[in-house]
Amino acid sequence: MLDIQFIRDNADVVQEKSKQKGYDVNIADLLKLDAERRELTGKIEALRAERNQLADALKGGNPSQEQIERGREVKQQVADAEALWEPVNDSFLTLLKRVPNMPLDDVPVGASEDDNVVSKQWGDRPQFDFEVKNHADIAEARGWLDKERGAKIAGSRFVYLKGDLVLLEFALWQFAFSKLTDEAVLGQIIRDNNLDVSSKPFTPVLPPAVAKKAVFEATGRLNKEEQTYKLEDEDLWLNASAEHTIAPMYLGEILAEEDFPLRYIGYTTAFRREAGTYGKDMEGIIRLHQFNKLEMESFNLPEHSLQEHFFMVAIQEYLMQQLGLPYQVLTKCTADIGGPNARGVDIEAWLPGQGKYRETHTADYITDYQARRMQTKVRRRDGSVELVHTNDATAFSQRPLAAILENYQNADGSVRVPDALQPYIGGKTII
RNA sequence: GGAGAGGUGACCGAGUGGUUGAAGGUAGCAGUCUUGAAAACUGCCGUGCCGGCAACGGUACCGAGGGUUCAAAUCCCUCCCUCUCCGCCA
């Protein structure tokens, strides 16, 4: 959520930029509620001050009947004032939370994902002298993907992944873990991209796969009920990304400046209901209800967070380059970056079997928007306290597996293993 | 699942109705001393919101939410969590 003081001081900008992101919020209404809330707060605090003074005067004990009567009277007045304040406060908070983060100036203004800007393309698309297949056909032919039995057990969009594809997936995780925990590798990425960030390695983490509703709400990620699975009879929701359970790790905490940046590389199985997307992107493993993902999440000092964002994108590119997968980088437009984001980048891998680029990575630049609700702060060396910045980005999901199958396919239906993954799959060169 | 103990500031830890926003200690910051450092000593040292240029004032917060009372960290209720022992189990 945004700082209300910032909204008061920049009402026009906030209104305009919210509109650019496609958010229908009325800043004038919000400020009216804000003023009303402040006025009522003032009244309540004045009454409380009176109550406290009264109690203070009676500290010795033995209050007179008259004093007790007066105390009751003030108490009732406080209660009445609070009853007026509460609905105003609720409306105020509801509206405030609805105001999206402000996009940076370099974010293209757009109305839909069609207005995202391709900022870079890398790699040569492979040429084939046979009819290329998509990853689903390749995988099903090899017995690596069983959708029918997955559906029998758990419903559509749940699958069995089997055989060498499973080994390839774990090779992908191991590959990423080993690079992101290697300070020398990170240092090289930083130098190659002229970045000004720490080379502190990422800490691997296996977070809880579920969280309480209040925690999900605090992350500001709108995990609407139609998108998120809930456990029956429990106040627990299944995560839709490791980010959802790693970001709130320091909920309500004040961290020491010298510990920054705090970098995590977390693995979870994620669950998404994907309501409203049936018939869209259904092939293979592209949009399943259950998938595995390795996610980068870091907590940063405000002055370092933008560089950290670029660093995460650079890491994503490095990983894709190591795999030899052609990709393009998208600077997402205002309509597509999402409410909490000030900037967003997608990476799309080339899928020859489909003849198009498909999203495999996202990088989110969130400033303090998420930290404000989570109340995750840093105590600076001078003793002052301020909100941290959070950054997150995909390291790998399972989608790059689809890209590997399609880009590295052979005429006989086998698949060459990218050089970078071979050490992590027992030295195999072909599966 | 059963029995018991407990959740207080960055950390440890006092505090069972009013003079406690909270003793004491650690860490941190500033200083004295020292060639320098350490030690010792002195002072400062929670967060949010409202008002104020500021000094400061008001208010809220002692796991969360309710309640009792003129007055709650302290009493009552519900929930969450942690620890110990027993049971069960990957």
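Values in this document were obtained by computation on a predicted structure and should not be read as measured data. These numbers come from the heavy atoms of this one structure, side chains and all, not from hydrogens, waters or symmetry mates. Lettering of chains follows the sequences in order, A, B, ..., and the numbering in each one begins at 1.
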Notebook entry, point to check: Distance between the C1' atoms of B/U74 and B/C85, in whole angstroms?
Noted result: 29 Å

Checklist line | Distance in angstrom units between A/Ile7 CD1 and B/C49 C1', rounded | finding: 16 Å

Next item on the list: Can you tell me, in whole Å, how much space there is between the P of B/C61 and that of B/G65?
Entry: 9 Å

Checklist line | Check against side chain to side chain contact (heavy atoms under 4.5 Å, CB included), A/Asn391 and A/Ile366 | finding: CA-CA 6 Å; A/Asn391 288 70; A/Ile366 304 181; over 6 Å; no

Margin query: Output the rounded distance in Å from OH (A/Tyr250) to C1' (B/A10).
Written below: 14 Å

Next item on the list: Let me know the distance between CD of A/Gln53 and P of B/U19, rounded to the nearest Å.
Entry: 15 Å

Checklist line | Sorted by number, the residues of residues 66-80 of chain A with heavy-atom contact under 4.0 Å to RNA chain B | finding: A/Ile68, A/Gly71, A/Arg72, A/Lys75

Item checked: Pairwise P distance for B/A71 and B/C12, with rounding to whole Å -> 34 Å

Check: Which residue pairs pass the salt bridge (charged side-chain N to carboxylate O under 4.0 Å, His left out) test when at least one of the two sits in residues 70-88 of chain A, sequence neighbours left out?
Finding: A/Arg48-A/Glu82, A/Glu50-A/Arg70, A/Glu69-A/Arg72, A/Arg70-A/Glu73

Check: With both distances under 3.5 angstrom, what nucleotide forms a Watson-Crick or G-U wobble pair with B/A37?
Finding: none

Check: At under 4.0 Å, does any side-chain N or O of A/Arg8 touch on OP1 or OP2 of B/C50?
Finding: yes

Notebook entry, point to check: To the nearest angstrom, how far is A/Lys212 atom NZ from B/C79 atom C1'?
Noted result: 10 Å

Note to self: Would you measure the distance from the P atom in B/G7 across to the matching atom in B/C11 and give it in whole Å?
What the structure shows: 15 Å

Check: CD of A/Glu253 versus P of B/A10: gap in Å, rounded?
Finding: 10 Å

Item checked: A/Asn52 side-chain N/O to B/A60 phosphate OP1/OP2 under 4.0 Å -> yes

Next item on the list: Find the partner of B/C53: check Watson-Crick (N1-N3 plus N6-O4 or O6-N4) and G-U wobble (N1-O2, O6-N3) distances, both under 3.5 Å, and reply none if neither fits.
Entry: none

Note to self: Cation-pi check for A/Tyr408 against A/Arg416: NZ or CZ below 6.0 Å from the six-membered ring centre and within 45 degrees of the axis, yes or no?
What the structure shows: no

Item checked: Residues, nucleotides or ligands: over 12 heavy atoms within 6.0 Å of A/Lys19 NZ -> no

Checklist line | Pairwise P distance, B/A22 and B/U47 [rounded to whole Å] | finding: 14 Å

Check: Between B/G63 and B/G6, how far is it from one P atom to the other, in whole Å?
Finding: 14 Å

Next item on the list: For A/Tyr318, enumerate each residue passing the side chain to side chain donor-acceptor pair (under 3.5 Å) test, keeping only those at least two apart in sequence or located in another chain.
Entry: none

Next item on the list: Could you walk me through whether A/Ile285 and A/Leu145 pass side chain to side chain contact (heavy atoms under 4.5 Å, CB included), step by step?
Entry: CA-CA 9 Å; A/Ile285 62 168; A/Leu145 174 65; 4.1 Å; yes

Next item on the list: Anything under 30° is parallel, anything over 60° is perpendicular, the rest tilted; go ahead and classify A/Trp173 against A/Tyr267.
Entry: perpendicular

Output a table of nitrogen or oxygen pairs between the protein and nucleotides 44-48 of chain B separated by less than 3.5 Å.
residue : atom : partner  : partner atom : Å
B/U47   : OP1  : A/Arg379 : NH1          : 3.4
B/U47   : O2'  : A/Lys377 : NZ           : 3.4

Note to self: In this structure, how many angstroms lie between the C1' atom of B/C49 and the CZ atom of A/Phe92, rounded?
What the structure shows: 11 Å

Margin query: For A/Asp146, give me all partners under side chain to side chain donor-acceptor pair (under 3.5 Å), at least two apart in sequence or on another chain.
Written below: A/Arg149

Next item on the list: Could you pick out which residue, A/Asp34 or A/Arg48, lies toward the 5' side of RNA chain B when each is mapped onto its nearest nucleotide?
Entry: A/Asp34

Margin query: Would you measure the distance from the P atom in B/A38 across to the matching atom in B/C29 and give it in whole Å?
Written below: 11 Å

Note to self: Here's a test for you: under side chain to side chain contact (heavy atoms under 4.5 Å, CB included), which of A/Ile286, A/Leu401, A/Ile404 qualifies with A/His135?
What the structure shows: A/Ile286

Next item on the list: Provide the Watson-Crick or G-U wobble partner of B/C61, both distances under 3.5 Å; none if there is no partner.
Entry: B/G46

Next item on the list: Just name whichever nucleotide pairs with B/C83, Watson-Crick or G-U, keeping both distances under 3.5 Å, else none.
Entry: B/G4

Check: On a whole-Å scale, what distance lies between the C1' atoms belonging to B/G9 and B/G46?
Finding: 5 Å

Next item on the list: Could you tell me the separation between the CG atom of A/Asp56 and the P atom of B/G17, rounded to a whole number of Å?
Entry: 18 Å

Note to self: Expressed as a whole number of angstroms, how long is the span from A/Gln65:CD to B/C70:P?
What the structure shows: 9 Å

Note to self: Categorize A/Ala49 for me: base, sugar-phosphate, or nothing, with a 4.0 angstrom heavy-atom threshold over every strand shown.
What the structure shows: sugar-phosphate

Next item on the list: Both distances under 3.5 Å, Watson-Crick or G-U wobble: report the partner of B/U19, or none.
Entry: none

Item checked: Under-4.0 Å salt bridge between A/Arg358 and A/Glu348 -> no

Checklist line | Within residues 33-43 of chain A or reaching into it, pairs that qualify as salt bridge (charged side-chain N to carboxylate O under 4.0 Å, His left out) - sequence neighbours excluded | finding: A/Arg8-A/Asp34, A/Asp34-A/Arg38, A/Glu39-A/Lys43

Notebook entry, point to check: Mapping A/Arg37 and A/Arg51 onto RNA chain B by nearest heavy atom, which one lands closer to the 5' end?
Noted result: A/Arg37

Item checked: Nucleotide paired to B/A71 in any strand shown, Watson-Crick or G-U, under 3.5 Å -> none

Note to self: Going by side chain to side chain contact (heavy atoms under 4.5 Å, CB included), A/Ser298 matches just one of A/His389, A/His304, A/Met312. Which one?
What the structure shows: A/Met312

Check: Counting only Watson-Crick or G-U wobble pairs whose two distances fall under 3.5 Å, which nucleotide matches B/C88?
Finding: none

Margin query: Strictly by Watson-Crick or wobble contacts shorter than 3.5 Å, is anything paired with B/C11, and which nucleotide is it?
Written below: B/G25

